[in-house]
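When a ligand or atom number is given, it counts from 1 through the structure's own listing order. The shown structure was predicted, so the numbers you read here are calculated from the model rather than taken from an experiment.
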Amino acid sequence: MKNPETLFIGQHIIHLSDVDSTNNFAAKLVKQTKVISGTAILAENQSAGRGQSGNVWISNPGENLTFSLVLQPKLEAKNQFLISKIICLALIETLQSLKIEARIKWPNDILIRNKKIAGILIENTLKGKQIDNSIIGIGFNVNQAFGGDSNATSIMLETGKLNELKSILFLLFQKIETWYFQLEQSKTFLIDEAYEKVLFGLGEKRNYFKNDQSFSGTIIGVNEIGQLKIQSETGRIELYNNQEIKFDLA
Ligand code: BTN
């Protein structure tokens with residue numbers, strides 16, 4: 001595989017035909033050795049791909065991108081949500097380059113209308129208060145023909161065209177690198193501004209579930225530690241942590 005046009009993201013690629021999970025592989029690797037920042041672990045097939053909150057990530061072998069990136073950002077753990085933000089933005093911009101309009105469903109999903117095209121599982125190791133290694137697992141649906149009743153979609157289903165996985169991967173690497181440099185230069189305001197522009201449900205009155213109870217409110221943003229801010233009908237602003245609420249996508 002030729003190197004992507006980046007300075008460090010994806011300059012080292014470990015290409016596996018079969019693995020349990022690229023995040024697991026990356027976690028073992030960073031324990032054993034010093035991994036160069038920007039290294040990507042890419043799998044044709046994962047036998048135990050993992051999603052958020054203990055879910056499984058299922059993807060047809062060779063049809064989609066399933067990989068993990070190891071980064072070593074100079075970032076305190078309390079600011080770790082910025083990593084999720086830049087990865088989401090890079091995915092959104094990759095899709096924009098393919099003329100696909102997508103939104104970020106807080107905190108880590110990329111949606112087209114109400115269907116998921118990509119998901120992110122970030123697992124950080126810490127050294128004191130600092131992030132040591134950030135393992136960023138990305139599942140990006142490229143060529144899979146999900147059925148009409150599925151809640152997933154792919155680039156192929158959105159454009160009607162099959163895509164070479166490598167070219168999508170390299171495009172994504174470039175986008176990640178550009179946002180990573182903004183992060184390194186502490187251009188947090190640019191990241192926050194871009195994130196809110198593509199945040200699913202921002203400024204819209206919608207229904208959510210908390211402990212299976214439905215409530216309605218309006219997303220007004222995300223705070224610096226990644227909590228979702230929803231304004232209720234009474235005008236009260238509530239903060240929600242990851243997994244605390246579910247979106248009503250029906
Ligand atoms: C989610 O939306 O729930 C997150 C999905 C993350 C899936 C990717 S695929 C590559 C990497 N390895 C894993 O086991 N999971 C992530």
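- Contact analysis leaves N55 out of contact with ligand 1, as no non-hydrogen atom separation drops below 4.0 angstrom.
- Residue I138 touches ligand 1 through its backbone alone, judged by heavy-atom distances below 4.0 Å.
- Counting heavy atoms under 4.0 Å from ligand 1, residue N24 does not touch it at all.
- Nearest to atom 5 (C) of ligand 1 among the protein's heavy atoms is W57 CE3, 3.3 Å.
- The protein heavy-atom contact nearest to atom 2 (O) of ligand 1 is K116 NZ, 2.5 Å.
- Shortest contact from atom 15 (N) of ligand 1 to any protein heavy atom: R50 O, 2.6 Å.
- The protein heavy-atom contact nearest to atom 3 (O) of ligand 1 is Q52 N, 2.6 Å.
- Residue G139 approaches ligand 1 through these ligand atoms, each under 4.0 Å from one of its heavy atoms: 7 (C), 8 (C), 9 (S).
- Summarising the geometry, atom CG belonging to L199 is positioned 7.0 Å from atom CG belonging to L228; distances are rounded to the nearest 0.5 Å.
- Of the options I14, L71, V70, I135, a side-chain contact (heavy atoms from CB on, under 4.5 Å) to V35 is made by V70 and by none of the others.
- Atom CG of L42 and atom NZ of K166 lie 11.5 Å apart (nearest 0.5 Å).
- The protein atom (non-hydrogen) at minimum distance from atom 10 (C) of ligand 1 is T22 OG1, 3.3 Å.
- A cation-pi arrangement is found for K105 relative to F247, the charged atom lying closer than 6.0 Å to the ring centre and inside a 45° cone about the ring normal.
- The distance from atom NZ of K205 to atom CD1 of I230, rounded to the nearest 0.5 Å, is 13.0 Å.
- Remark: Q213 CD is loosely packed, at most 12 non-hydrogen atoms of other residues, nucleotides or ligands lying under 6.0 Å away.
- With respect to R50 and E123, a salt bridge is recorded, a charged nitrogen being found less than 4.0 Å from a carboxylate O.
- Listed by number with element, the atoms of ligand 1 under 4.0 angstrom from any heavy atom of G51 are 1 (C), 3 (O), 4 (C), 5 (C).
- Rounded to the nearest 0.5 angstrom, T153 OG1 and I117 CD1 are separated by 5.5 Å.
- Less than 4.0 angstrom separates some heavy atom of D109 from each of these atoms of ligand 1: 2 (O).
- Under the 4.0 angstrom criterion for non-hydrogen atoms, I120 is in contact with ligand 1.
- For ligand 1, the atoms closer than 4.0 angstrom to any heavy atom of G49 are 14 (O).
- Protein heavy atom closest to atom 9 (S) of ligand 1, with residue, atom name and distance, is Q46 NE2, 3.3 Å.
- Here the straight-line distance linking atom NZ of K115 with atom CG of N141 works out to 11.5 Å at 0.5 Å rounding.
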